[in-house]
Structures are given as structure tokens and as C-alpha cells.
Amino acid sequence: MAEIHSLELLVQALRRLPGVGVKSAQRMAFHLLQHDREGALQLAQALQHAASNVKHCALCHTFTEDGVCPTCRDPRRDRSLLCVVETPADQAAMERTGAYKGLYFVLMGKLSPMDGVGPREIGLQKLFDRIDALAPEPDSEGPEDSTPTDAASGQMPCEVREVILATNFTAEGETTAHVIAQALKGRAVQVTRLARGVPVGSELEYVDLGTIAHALVDRR
Ligand code: ZN
């Protein structure tokens, strides 16, 4: 009886994956147990390791094992640009173009009111806090020593001047971009959107690199 219970637990666990129903979960479980026990143990280890060690970057919110991710720490990145993407996969797509040298903010999702995903769920406030931390004061007339060295937080001097909305060209991605653009009105940053070279309805992750690079250059 014990094995049957274990098998059921495994199938239930696999069903947590997006798009995996009972039948697929059973197929995966049978495959691992029948043909690939070593792979099953590797999978278990990798899951355990990732689940315990991967965190969110304190600055851009992407996945990282460090407190602040390598991209945010890289002194060669242009700190006047902040590109907002939905997922780490979209960030990776932008990176592969080689056309972008600024910083990122990864929403880890998109607004989807129909599915109960609101501004709170995707951490929009974190984005606004991040921009406020980076952006110059709208009307700062302070003394000379108020230059943004920010020694207290240990951050490099930085000023974001442009926020590039690179959410996907799907209904939810457009809604997300619109909500962010509205919320950023009144802040001392320029807000741009990737140009329309990217096909409507498409996700950056699946768009060819040249198209993304063009959309970036032609942003407005
Ligand atoms: Zn980061």
C-alpha cells in the first residue's frame, strides 16, 4: 500500500505545474519511476536546491541567489534607464539582443483583473518605490551636498531618467503598461513604450531578437 500512496503523492505534486492535468502527471510519474530513477533524484535535488536558495533581487525583483542580482550590481549598466518586463524570460530575451545596457525591473507577472491579479499581486508598489528611490527629486533645490551619493544605503550614485515599458503586446501586457504609465505621471521620469515592431498579441520571450532590438530603438 505504501508505494501506491507515494505514487499518488507524486502525481498530485506534478499537477501543481502549469498546464499539467492528471493524465500528464501520471505519464511523467510513470516515466520517471520506470525509466529514469536517476533523473527523478536529480529533479528532486534541483527543485529542493532552487526552492531553498533562489530569492528575488532586492532592487529589480528578478530571480537571484544573491541579495542583489549581478545585473543590478554591474557598474557598466546605464543607471539612467529602467526597463520594465513581465518575467525573467522576457528579461533574458532583452539581454540576448545586446541592444540594451540599462537596468531592469521584473514584475513577475502582469495585471489580469479577470484572474484576480491586481497591482498588489504583481508588486507594482515595489516598482514605484524603486523609481522613487532612483529618480531625481521633481524640484530639488537642496544644497550642493545633496547629490545622489546615497552612502547610507550603499548604492551607487544613480538617477533613472527613462522608464521603458517592455511588457508583452498582449491585452494584459498593454493594460499593465497603461496602468504603470498613468501611475508614473507627475514623477520626474520619461516613460516610453517599446515600438510597435513587436507583433500584437505576442510575448517577448518568443519574438526574434532583431525585432525586439528595433522596437527598443524606436521606442517612444
Ligand atoms: Zn537586480
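All ligand and atom numbering here is 1-based and tracks the order in the structure. Bear in mind the structure is a predicted one, so any value in this text is a computation, not a measurement.
- A side-chain donor-acceptor contact under 3.5 Å links Glu86 to the backbone of Asn168.
- Remark: Arg193 CZ to Arg219 CZ distance equals 13.0 Å, nearest 0.5 Å.
- Other residues sharing the hydrophobic cluster of Leu32, ordered by chain and number and joined by side-chain separations under 4.5 Å: Leu43, Leu47.
- Aromatic ring orientation, Tyr100 versus Tyr104: perpendicular (interplanar angle above 60°, classes split at 30° and 60°).
- For the Zn ion (ligand 1), the neighbouring protein N/O/S atoms at less than 2.8 Å, given as residue and atom, are Cys57 SG, Cys60 SG, Cys69 SG, Cys72 SG.
- Using a distance-only test at 3.5 Å, with no hydrogens or angles considered, a donor-acceptor pair links the side chain of Arg130 to the main chain of Leu59.
- Judged by distance alone, with hydrogens and angles left aside, the side-chain atoms of Arg15 form no donor-acceptor pair with the main-chain N or O of Gln26 at under 3.5 Å.
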